[in-house]
Amino acid sequence: MIEFIQGYYAYIFLAATFTIGLYGMMMKQNLMKKVLGMSVVAACTILFWIVSAYKDGAGVTVLDKRYGVENPELYLNPLPHTLMLTAIVVAVVTLGVALALLIGIYREFKTLDEPTLLERMK
Amino acid sequence: MKTLQYFLLLAFLGILVIAVTSLPPRGDVTAPVHQHVNPAGTLVAGTYFIQHAYEDTKTPNMVTVILADYRAFDTMGEVIVVFAGGIACFFILNVRRRKP
């Protein structure tokens with residue numbers, strides 16, 4: 001049981017966080033909260049990759065002069081971290097454009113609440 | 001309707017938990033991803049980069065080397081994405097007010 005918790009607590013936490021982000025996107029009426037939910041889902045996906053790249057007995061992917069590169073198992077696999085750095089950039093740009101759209105909506109309709117917004121758009 | 005949505009979210013959480021608990025546990029060195037042989041003939045896809053990053057570029061941080069040297073064209077595409085986002089923000093925020 002302890003081994004199961006140690007092996008999977010990060011994955012289960014991430015599954016719960018992903019669902020919380022989806023809850024924010026589905027159930028909340030405020031558009032700002034929906035955007036926050038989208039951001040939580042993106043961060044959760046990125047963290048999932050980082051967690052699954054972890055390896056017992058391995059350090060960060062910065063060359064340590066004391067160990068050298070003869071034993072590659074002393075370093076984590078650097079590829080998932082690099083790819084997630086790319087994904088972070090895309091997520092940040094998506095968030096920025098979404099926030100700009102929210103500012104535009106608020107300037108036009110003076111509200112971010114979805115039912116009120118639909119009412120005022122008629 | 002709300003009840004259905006809560007039920008859907010709970011079902012989704014259940015599916016996710018079942019899916020992640022059938023993965024190898026975190027940090028397991030015998031997991032398939034840490035045993036896969038890459039085209040260079042060594043274990044794990046990133047081993048080539050770990051062994052050659054410092055020789056090739058004299059930069060100790062391997063993530064930086066892959067991002068800015070081996071995958072420099074990809075990073076240039078990222079800059080285009082950021083630029084497109086910035087231009088989109090600029091034009092959205094600069095739109096003229098509609099006259100009432």
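It should be emphasised that the depicted structure is a prediction, and the values quoted were computed from it without experimental measurement. As a basis for the values below, the full set of heavy atoms in this structure was taken, side chains included, without hydrogen atoms, waters or symmetry mates. Each chain gets a letter, A, B and so on, in the order the sequences are listed, and its residues count up from 1.
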Practice problem: Start with the C-alpha distance between A/K34 and A/E114, add both sets of side-chain angles, then the distance that settles salt bridge (Lys or Arg N to Asp or Glu O under 4.0 Å), and finish with yes or no. | Solution: CA-CA 10 Å; A/K34 282 181 189 277; A/E114 206 180 354; 3.7 Å; yes

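A/D113 and A/Q29 make their closest contact through OD1-CB, 3.6 Å (heavy atoms, listed as atom of the first residue, atom of the second, distance). When all heavy atoms of A/V41 and A/M25 are compared, the closest pair comes out as CG2-SD, 4.3 Å.
Using a 30° and 60° split on the angle between ring planes, B/Y48 and B/H52 fall in the parallel class, below 30°.
With a threshold of 4.5 angstrom between heavy atoms, A/L14 does not approach chain B through any atom at all. Using a 4.5 Å cut-off between heavy atoms, A/V62 contacts chain B through both its backbone and its side chain. Residue contact with chain A, scored on non-hydrogen atoms closer than 4.5 Å, is absent for B/L10. Of the two parts of A/A53, only the backbone, made up of N, CA, C and O, holds a non-hydrogen atom closer than 4.5 Å to a non-hydrogen atom of chain B.
Sparse packing is recorded around OH of A/Y106, with 12 or fewer heavy atoms of other residues, nucleotides or ligands lying under 6.0 Å away.
Taking B/V17, B/T47, B/V82, B/L93 one by one and counting their heavy-atom pairs under 4.5 Å with chain A, the maximum is reached by B/L93. Ranked by non-hydrogen atom pairs under 4.5 Å with chain B, the options A/L76, A/I103, A/T94, A/N77 are led by A/N77. Counting heavy-atom pairs closer than 4.5 Å to chain B, the top residue among A/L83, A/T86, A/D64, A/L22 is A/T86. Interface summary for chain A: among B/T21, B/T64, B/L67, the most heavy-atom pairs under 4.5 angstrom belong to B/T21. The choice from B/V65, B/L16, B/L8, B/I15 that makes the most heavy-atom pairs within less than 4.5 Å of chain A is B/L16. Of all the listed residues (B/D74, B/L23, B/T59, B/T75), the one sharing the greatest number of non-hydrogen pairs under 4.5 Å with chain A is B/L23.
Geometric assessment of A/R120 against the ring of A/F109 yields a negative cation-pi assignment under the 6.0 Å and 45° thresholds.
Side-chain contact of B/D56 with B/Y70: a donor-acceptor pair under 3.5 Å is present, judged by distance alone.
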